[in-house]
Structure formats: C-alpha cells, structure tokens
Student: 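After the structure tokens below, expect a handful of questions from me.
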Amino acid sequence: MRPPDFETLAVHAGIEPDPLTGAVMTPIYQTSTYAQSAPGEHKGYDYSRSDNPTRTVLQAQLAALEGGSRALVYASGLAATDCVLNLLRSGDHVIASDDLYGGTFRLLEYVAKPRGIETSFIAMNEASVRAALKPNTRLVWFESPTNPLLKVIDIEAVARIASEHGALCAVDNTFLSPYFQNPLKLGAHLVMHSMTKYINGHSDVIMGCLIFNDRPIPWADKGLYERLKFLQNAVGGVPAPMDCFLALRGIKTLALRMKRHEENALQVAAWLEAHPKIERVIYPGLASHPGHALACRQARGHGGMLSFFPRAKLPQVPCFLSDLKLFTLAESLGGVESLIEHPAIMTHASIPPERRAEIGITDNLIRCSVGIESARDLIDDLDRALAKI
Ligand code: P1T
C-alpha cells in the first residue's frame, strides 16, 4: 500500500484517541511523577524527566515526519545539540560549517572546546570536508540552508564522506522543516530541529528535537538510541508537557504553513531582487542563488527564510528595520508572523566580528522570516520603509 502523504502524517502519525477517555486531542499529562503499585511496578512511566505520555506522542509523530525510527525532544534546539555533543569525549574533533546559528557556534566554541572537543569551521563542500578530516573526527555538523546566509550544502555527499570516515553526520534541518527536506533519506545519521521555529510555528514555545534511525555509534559499544535516550534523562533538558501539547497542535498545520511561507518568500524575494535599493537577495528558490540546482535536487521546496543586503550603511539599517510595521523586528523565525532582524547585532552577535566579516555577515545584512500574511501587504511594508533609505 502507498505510504501516507506528509499532510496526513502531520495530522495522524503517532496519534490515537486517549485510551482512557476517547479524547481526540492528546491530553496534557501535567504531572512530574506516577503512582507505583509496588516499588518498580508502574505503567511505563515513573518520572517525567525520564518519560511523559504527552512527550511520547510528540516523539512518535516527529519520527514519522522525518522518516526516522526514533525521535527525542528537548527543552530547546541547543539542548538537543548539546546532547549530540555529549556523545563525544575530550580529544574528539568536529567539522562544522562556517555559517551556522550563532548559538550553535557559541556552544561549540565556548562550551565544547574548553572540554577538549575542537571544531574546524569550514566553508563546507565535498573537498573542504575531506581536507578537514582528522583521525579523531567523530561528527560533521551543518545546517542546509545555513543561518543566515542560506548556503546550500550537499547533504548526500557530506554524509557519505562522514560515513566512510566512521563519523556521524548531523543536519540541522530547522530552516526547511521535514515538510521540505528529509536529511535521513539522503544518508545523514541525525537530524536536529529547533522546534521553536517552523515545527511549532506560532512563536510560543522553545523546544528542540533529534530524529534518527537507531544504529551503532561507530566508536562506542552502544546504539545511538540507547545513548541519546540515556543522555536525555541524565542531562535533563526536557520540555514541559504543555509545550509538547502546543507543538503537537502546531504540527497539524505544518504542511499548510510551509507551503504558504514558501509562496510568500518567493514573491518577496523576487520583488526585493528587482528593487534598485537592494544590492543582493539570497533565497535558494531564486535562479540567481548559486545553490539553486542543488536545493531543487535535495529538497522539495525552499522555505520561508531569505536574506538581503540593502544599499545602505550601518546607521540606516536599524532605521529601516524600525520603520517596518508588519515585519516585527525580533530574533527567531518560523512563526506565522513575519520577523526581520540584523544578524550582526542580534542572532550572530556571539560570533567574533572578524569571523563574521570572513563569512560575509556584514553590517548591511538583513535576515527575514517571511510569515503567512498577505504577500502584497508584506511587500507594501518593505516598499514604504525602503523609500526612506
Ligand atoms: O533557540 P533554540 O530552540 O535553542 O534553537 C537554536 C537554533 C538552532 N538551529 C538553528 C538553525 C536556529 O536558527 C536556532 C535558533 N535561531 C534563532 C533564535 C535565530 O533567530 O536564528
């Protein structure tokens, strides 16, 4: 039989009416602990850091959406990333793309590095990954498209190189969501999402997840699920039941939202590209994007994120951002409302200025999360504010 389409999975996967009451919506099991009939005898739940029924349903649904056998959720995207880094030991080496969320850079450079885990940040492609490999390389980590420069990285090629080396390949799939891209199907070993973004989609939850197919960890005697499940409980960065419920609720419209985000982003990107006050627009859905062909090959769409460079100097850029009415000037992305931000001052401020300059995060770079409003209204808003530059 044909497997269900994404739209169907987003509504039904992992979700059954509550066995006790028949409630159609997954109940919020707002409890920290569970009664035991005798010491160690319980119904599968003993303490909510270890497991919670609302979380269990969410994890099952996420695994189905990404095409993995397992999913684990965390209190934030960075807590999920930290659990992957906890698979490593002092003396291990990581290869990461040079362009990535500032908080991920901070975690690798200022938390993992002092613990003896070195990261090489590289402009990632097949050749540069091969050149950066060391005997102790255990993990290759990247986003595609990257945050904020929307570089498209060949997931299949990088995953193959990592596999041949006995390293894990982890892809942060936050920008495209499982609706548009499934890195596990391209050979990646782990997918991470900041669920704070598109998966929850309503800017009211901080959460992250890891999705994977269970497999042996090449350098350890444990399987990936056993080790990560142990770490989820041992480190304890788990989300609350209410937040799991909100994410479950958000996911039901993920397909509808992503489609609309993409339609709007393409219109806004094309309009910006034709505007005389705009130097360059970066959106993988535009034919002008150097990674457009690769993006079309490895993803089913291009999402709602775009970046652009207005022909303006630093003092004018914050004024332009503040002049907008519909786009809210704020960090984060992936909610139904359009957000806009200045990476150098906001989301990527934790990256040292000289490294930002090297990568291309300049003072006139603006990043935009295009929401699901009317594209015409969004363009009018940009038009009004650009007129003042
Ligand atoms: O904020 P948190 O849920 O911990 O997720 C971190 C994270 C991980 N990966 C990517 C690609 C991200 O964009 C983020 C968070 N990003 C922002 C807050 C931002 O505005 O870019």
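Atoms within each ligand, like the ligands themselves, are counted from 1 in listed order.
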Student: Tell me whether Glu164 is salt-bridged to Arg130, with the criterion being a basic N under 4.0 Å from an acidic carboxylate O.
Tutor: yes
Student: Heavy-atom cut-off of under 4.0 Å around ligand 1: list whichever protein residues fall inside it, by chain and number.
Tutor: Ser76, Gly77, Leu78, Tyr101, Glu143, Asn147, Asp172, Thr174, Met192, Ser194, Thr196, Lys197, Met207, Glu331, Ser332, Leu333, Thr347, Arg367
Student: Please confirm whether Arg70 makes a cation-pi placement over Phe212, using NZ or CZ under 6.0 Å from the six-membered ring centre and within 45° of the ring normal.
Tutor: no
Student: Holding to side chain to side chain donor-acceptor pair (under 3.5 Å), I want the full list of residues that pass it with Thr196, two or more places apart in sequence or in another chain.
Tutor: Ser194
Student: Give every residue pair that meets the salt bridge (Lys or Arg N to Asp or Glu O under 4.0 Å) criterion with at least one member in residues 10-37, sequence neighbours excluded.
Tutor: none
Student: Considering only residues two or more places apart or on different chains, which pairs with a residue in residues 86-111 satisfy salt bridge (Lys or Arg N to Asp or Glu O under 4.0 Å)?
Tutor: Asp92-Arg138, Asp98-Lys151, Glu109-Lys113
Student: Between Lys229 and Asp214, is the closest basic N to carboxylate O distance under 4.0 Å?
Tutor: no
